[in-house]
Amino acid sequence: DEEFEIVRSFQRILQRGAFDFTTSHRYLGAFASTVVARGEYATATSLAYEMFVAIHAAMERTDDPFSDDDVLRVQIAEFGDAYAQILLREDGDEDARRAAQDSANPLYVPRNHLLQEAIERAAAEDWDYCRRLCEALSNPFERNEAFDEFARPANPAENARCARLS
């Protein structure tokens, strides 16, 4: 099935490039709505590449998974093209597409680095961070600028810190 293969293709890209799962799915809504808004898939491969570059930047990674990995670049191009073709066969406008995808992909999730920070602050009896994190997690699909710090994936240093503590 074509849609199943798109999902598998996306998952292969996430694995090969070590992209954050939650962030990648959230960015997918922006990709889809842009493709639908443009009404053509000629630029979909470059849009897909730009999406993964943005995900990489959001993860605050210093490596470059793109320059030396031809397979990853080909996977991204093929995914962008194939997904755009599916999107353009469906009816709907870009706002509806974005809303649908964002309603299925949370922006705020209880990530290890956030929970570790909450534990450390609670141990120091600093409850404000914990309250704010709980408030963000109570409405995980709607962006609230006051909670932007809770949307970002862990950077490599935070990942290493949480791994040591676990």
is_close_aromatic(H25, F21), centroid dist under 6.0 Å:
yes
Do L88 and I6 belong to the same hydrophobic cluster, where Ile, Leu, Val, Met, Phe, Trp and Tyr are linked whenever their side-chain heavy atoms lie under 4.5 Å apart, directly or via other members?
yes
Do Q75 and L72 pass the side chain to side chain contact (heavy atoms under 4.5 Å, CB included) test, and can you show the C-alpha distance, the side-chain angles, and the key distance before you say yes or no?
CA-CA 5 Å; Q75 286 177 331; L72 180 62; 4.0 Å; yes
Exercise: do D63 and H56 side chains pair donor with acceptor under 3.5 Å:
yes
Could you tell me whether a side-chain N or O of R61 sits under 3.5 Å from a main-chain N or O of A18, the two making a donor and an acceptor?
yes
Could you see if I76 belongs to whatever hydrophobic cluster contains V7? Use Ile, Leu, Val, Met, Phe, Trp, Tyr and a side-chain cutoff under 4.5 Å.
no
Under 4.5 Å between side-chain heavy atoms, hopping through other hydrophobics if needed: is there a path connecting L47 to L28?
yes
Under a 3.5 Å distance rule, please check whether R26 uses its side chain to pair with a backbone N or O of F141 as donor and acceptor.
yes
Between the main-chain N or O of A146 and the side-chain N or O of R132, is there a donor-acceptor pair closer than 3.5 Å?
yes
Within the distance-only criterion (no hydrogens, no angle test), does the side chain of R73 pair as donor or acceptor with the backbone N or O of S67 below 3.5 angstrom?
yes
For the pair E117 and R111, find out whether any cationic side-chain nitrogen is under 4.0 Å from an anionic carboxylate oxygen.
no
Would you please say whether a donor-acceptor pair under 3.5 Å links the side chains of Q15 and Q11?
no
Would V35 end up clustered with V53 when hydrophobic side chains under 4.5 Å apart are linked, directly or stepwise?
yes
Can you tell me how far the CD atom of E142 sits from the OG atom of S103, to the nearest 0.5 Å?
9.5 Å
Aromatic ring centroids of F31 and F52 under 6.0 Å?
no
Could you check whether any side-chain heavy atom of M51 comes within less than 4.5 Å of a side-chain heavy atom of T34, counting everything from C-beta outward?
no
Are more than 12 heavy atoms from other residues, nucleotides or ligands located less than 6.0 Å from atom CG of D68?
no
Working to the nearest 0.5 Å, report the span between CD1 of I55 and CG of L14.
7.0 Å
Kindly state whether the ring of F66 and the ring of Y49 have centres lying under 6.0 angstrom apart.
yes
